[in-house]
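Both counts, for ligands and for their atoms, begin at 1 and track the order of listing.
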Amino acid sequence: MSDKQYDLVVIGGGPGGYVAAIRAAQLGMKTACVEGRGALGGTCLNVGCIPSKALLQSSEKFADASKHFAEHGIQVEGLKLDLAAMMSRKDKVVKGLTDGIEFLFKKNKIDYVKGWGSIPAVGSVKVKLDDGGEETLSAKKILIATGSESTPLPGVATDEKQIVTSTGALALDKLPGSLVVIGAGVIGLEMGSVWSRLGAEVTVVEFLDRILPGMDGEIGKQTQRVLGKQGLNFKLGTKVTGAKNGKDGVTLTLEPAKGGDVEELKADVVLVAIGRRPFTEGLGLKELGVAMNNRGFIEVDGNFQTSVEGIYAIGDCIPGPMLAHKAEEDGVVAAERMAGQKSHVDYNLVPGVVYTWPEVAGVGKTEEQLKEAGVDYKVGKFPFMANSRARAVGDTDGVVKVLADKRTDKVLGVHILGPLAGDILAECVAVMEFGGTAEDIARTCHSHPSMGESVKEAAMAADGRAIHI
Ligand code: FAD
Ligand code: NAD
């Protein structure tokens with residue numbers, strides 16, 4: 001017999017799971033959340049978004065002090081990296097936030113069950129408790145929010161010391177002389193930036209002939225140029241076929257993606273960042289008959305219900321962008337739908353941000369996607385070089401690109417490389433949610449001087465009437 005009865009048991013305490021638990025509790029459901037890693041917040045708070053942004057911030061300050069303070073008339077002598085202090089600040093930021101979620105659970109009367117969950121039968125969650133022993137929870141509904149893990153690369157086994165995933169790259173105890181990053185995606189560019197700014201020689205090896213696949217191609221090219229200027233080396237159209245660990249580092253074997261001569265590349269540390277895959281191990285989904293697609297993602301309907309009644313799934317373990325804010329939206333809507341509400345997630349308007357400096361941000365369709373779909377569109381662009389705030393700050397790299405329907409003027413996509421791109425994109429997401437036009441942005445009063453004025457000017461440029469270019 002099950003000892004505790006719940007309306008909802010959530011398995012996984014990441015941004016999908018913890019947000020769903022809080023929303024469900026707000027809606028009156030008796031809720032428990034099972035989490036095995038010893039802290040709430042999932043990948044995002046523990047080994048993802050937050051620690052990476054803490055290190056991006058610290059490393060940016062270091063790079064500013066060593067390379068850019070002088071142009072502001074500030075001389076720095078005896079600048080030194082204290083990596084241990086930088087890492088402990090990051091750990092403190094993480095701890096503060098994960099503890100904060102525990103507080104929110106208490107406030108919302110959610111039971112936090114510490115251990116690894118499995119689903120022996122519909123309506124039942126068995127937990128292997130972190131402190132030993134087992135507990136079985138009885139649940140009217142079960143929500144799987146078990147997230148994702150780093151995709152392994154055959155022939156390049158990770159040990160989290162010399163050959164690392166993002167988790168190891170967030171916790172190196174020594175500055176590597178050289179770092180090879182496999183994969184020029186989001187993790188590769190963010191973590192590559194961190195270690196390059198701190199002084200490592202960083203080479204990014206990418207299978208495709210471009211960086212940041214999925215983002216607008218022109219913005220990707222400009223990003224590569226800007227990051228190249230900062231010191232990142234790129235080897236595109238190249239695949240890694242093997243790795244050998246040695247006393248003085250790792251030797252990788254590389255080949256052109258299209259075939260050709262093999263070459264070797266040595267590095268003190270190698271980061272494998274070729275994507276993430278859903279994590280559903282140990283849940284017992286096959287035995288239950290929960291349908292998954294050929295890449296292991298759990299299939300769900302519009303209510304986030306799986307093929308088995310009473311079992312739901314959200315976040316990184318279902319198809320869609322593997323992003324924290326998308327997992328949160330899933331979590332809110334899944335809980336609201338369980339409570340009979342009709343809310344939904346607009347997957348066409350999930351913004352994506354790469355927190356390099358300058359940042360890369362995009363929402364909606366890329367130019368490539370519009371071309372492929374045969375949409376008649378117009379483009380408005382505005383460079384940060386012509387933005388007075390960017391000039392005053394000294395951050396002039398990048399551009400805002402607004403894509404709008406040629407006939408209706410409706411905004412179809414916005415892509416930005418620039419300072420605070422992720423933050424200034426938010427207004428574009430809101431405009432697009434309301435089905436707004438480039439003219440709506442162009443006629444909105446933006447404060448001066450601000451980076452956001454570049455969005456306004458790009459929207460005006462879509463109508464051939466930008467003022468400052
Ligand atoms: P997760 O956050 O992965 O949480 C799942 C949780 O479930 C984990 O804590 C896990 O321990 C637990 N779990 C799994 N199985 C069980 C089980 N059987 N029983 C109990 N518990 C279980 N996204 C962004 O939007 N912005 C960013 O800046 C960003 N930066 C990132 C940086 C890095 C280095 C990485 C790796 C990812 C980053 N992401 C970012 C992606 C983001 O972290 C994920 O999209 C997000 O965490 C997904 O949330 P989730 O709740 O679906 O899963
Ligand atoms: P990604 O999908 O962003 O990039 C992986 C890159 O590796 C791609 O460019 C791909 O072409 C390349 N690749 C694949 N196989 C390869 C191979 N064998 N050799 C060389 N290159 C290869 O994946 P990621 O950077 O690992 O990030 C994983 C997930 O985490 C992403 O879905 C991302 O959304 C999320 N994330 C988000 C943020 C953010 O929002 N700022 C930050 C970090 C991670």
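For Lys239, the NZ atom sits in a packed shell: over 12 heavy atoms of surrounding residues, nucleotides or ligands are nearer than 6.0 Å. More than 12 heavy atoms of other residues, nucleotides or ligands sit less than 6.0 Å from atom NZ of Lys53. Within 6.0 Å of CG on Asp159 lie more than 12 heavy atoms contributed by other residues, nucleotides or ligands. More than 12 heavy atoms of other shown residues, nucleotides or ligands fall within 6.0 angstrom of atom CG in Asp301. Open room surrounds CD on Glu281; 12 or fewer heavy atoms of other groups in view lie less than 6.0 Å from it.
Of the protein's non-hydrogen atoms, the one nearest atom 7 (O) of ligand 1 is Gly12 CA, 3.2 Å. Among protein heavy atoms, the minimum distance from atom 11 (O) of ligand 2 is reached at Glu206 OE2, 2.6 Å. Closest to atom 31 (C) of ligand 1 among all protein heavy atoms lies Cys49 N, 3.4 Å. Counting only heavy atoms of the protein, atom 52 (O) of ligand 1 lies nearest to Asp316 N, 2.9 Å. Ranking protein heavy atoms by distance to atom 53 (O) of ligand 1, first place goes to Gly147 CA, 3.1 Å. The protein non-hydrogen atom at the shortest distance from atom 3 (O) of ligand 2 is Val186 N, 3.2 Å. Ranking the protein heavy atoms by distance from atom 25 (O) of ligand 2 puts Ile187 N, 2.8 Å first.
No N or O atom of Arg276 sits closer than 3.5 Å to an N or O atom of ligand 1. Residue-to-ligand polar distances place Lys53 within reach of ligand 1: an N/O pair is separated by less than 3.5 Å. For ligand 1, the polar-atom distance check finds an N/O of Met322 within less than 3.5 Å of one of the ligand's N/O atoms. Looking at ligand 1, you won't find any N or O of Ile187 less than 3.5 Å from one of its N or O atoms. Note: an N/O pair closer than 3.5 Å links His325 and ligand 1 by distance alone. An N or O contact shorter than 3.5 Å links Arg37 to ligand 1 by distance. Close N/O approach between Ser52 and ligand 1 is not found [any backbone or side-chain N/O within under 3.5 Å]. Residue contacts with ligand 1: Gly16 is placed with a nitrogen or oxygen under 3.5 Å of a nitrogen or oxygen of the ligand (distance criterion only).
Of all the heavy atoms of Ile274, the ones lying under 4.0 Å from any atom of ligand 2 are found in both the backbone and the side chain. For Ile182, every heavy-atom contact with ligand 2 shorter than 4.0 Å involves the side chain, none the backbone. The proximity of Thr151 to ligand 2, defined as any non-hydrogen pair under 4.0 Å, does not occur for either the backbone or the side chain. Within the 4.0 Å heavy-atom criterion, neither part of Ile211 lies near ligand 2. Counting heavy atoms closer than 4.0 Å to ligand 2, residue Lys239 contributes nothing at all.
Counting the atoms of ligand 1 from 1 in the order shown, those under 4.0 Å from a heavy atom of Ser166 are 34 (C), 36 (C). Here is the list of ligand 1 atoms found below 4.0 Å of a heavy atom in Cys44: 2 (O), 43 (O), 47 (O). Of all the atoms in ligand 1, the ones that sit under 4.0 Å from a non-hydrogen atom of Gly315 are 52 (O). With ligand atoms numbered from 1 in the order given, ligand 1 contributes 49 (O), 52 (O) to contacts under 4.0 Å with heavy atoms of Ala327. Under a 4.0 Å criterion applied to the non-hydrogen atoms of Leu208, ligand 2 contributes the atoms 11 (O). Contact atoms of ligand 1 toward Gly42: 2 (O), 4 (O), 8 (C), 9 (O) (distance under 4.0 Å to a heavy atom of the residue). Near Ala145, the atoms of ligand 1 lying under 4.0 angstrom from a non-hydrogen atom of the residue are 5 (C), 6 (C), 7 (O). Listed by number with element, the atoms of ligand 2 under 4.0 Å from a non-hydrogen atom of Leu323 are 34 (O), 37 (C), 40 (O).
Among Phe279, Tyr355, Trp116, the residue whose heavy atom sits closest to atom 17 (C) of ligand 1 is Trp116. Among Gly188, Ser148, Gly155, Gly183, the residue whose heavy atom sits closest to atom 7 (O) of ligand 2 is Gly183. Selection from Asp330, Val354, Thr146 by nearest heavy atom to atom 15 (N) of ligand 1 gives Thr146. When the heavy-atom distances from atom 25 (O) of ligand 1 to Gly13, Ala169, Pro321, Ala324 are ranked, the shortest goes to Ala324.
Between Thr253 and Thr241, the side chains place a donor N or O and an acceptor N or O closer than 3.5 Å (distance only, hydrogens not considered). Defined by atom type and a distance below 3.5 Å, a donor-acceptor pair is present between the side-chain atoms of Glu201 and Asn233.
Here the shortest heavy-atom pairing between Pro319 and Asn293 reads CG-ND2, 4.0 Å.
Taking a cutoff of 4.0 Å between a charged side-chain nitrogen and a carboxylate oxygen, Lys140 and Asp7 qualify as a salt bridge.
Within the 4.0 Å heavy-atom shell around ligand 1 one does not find Val353.
One N or O on the side chain of Lys90 and one on the backbone of Leu170 form a donor-acceptor pair closer than 3.5 Å.
The CD atom of Glu372 lies 9.0 Å from the OG1 atom of Thr366; values are rounded to the nearest 0.5 Å.
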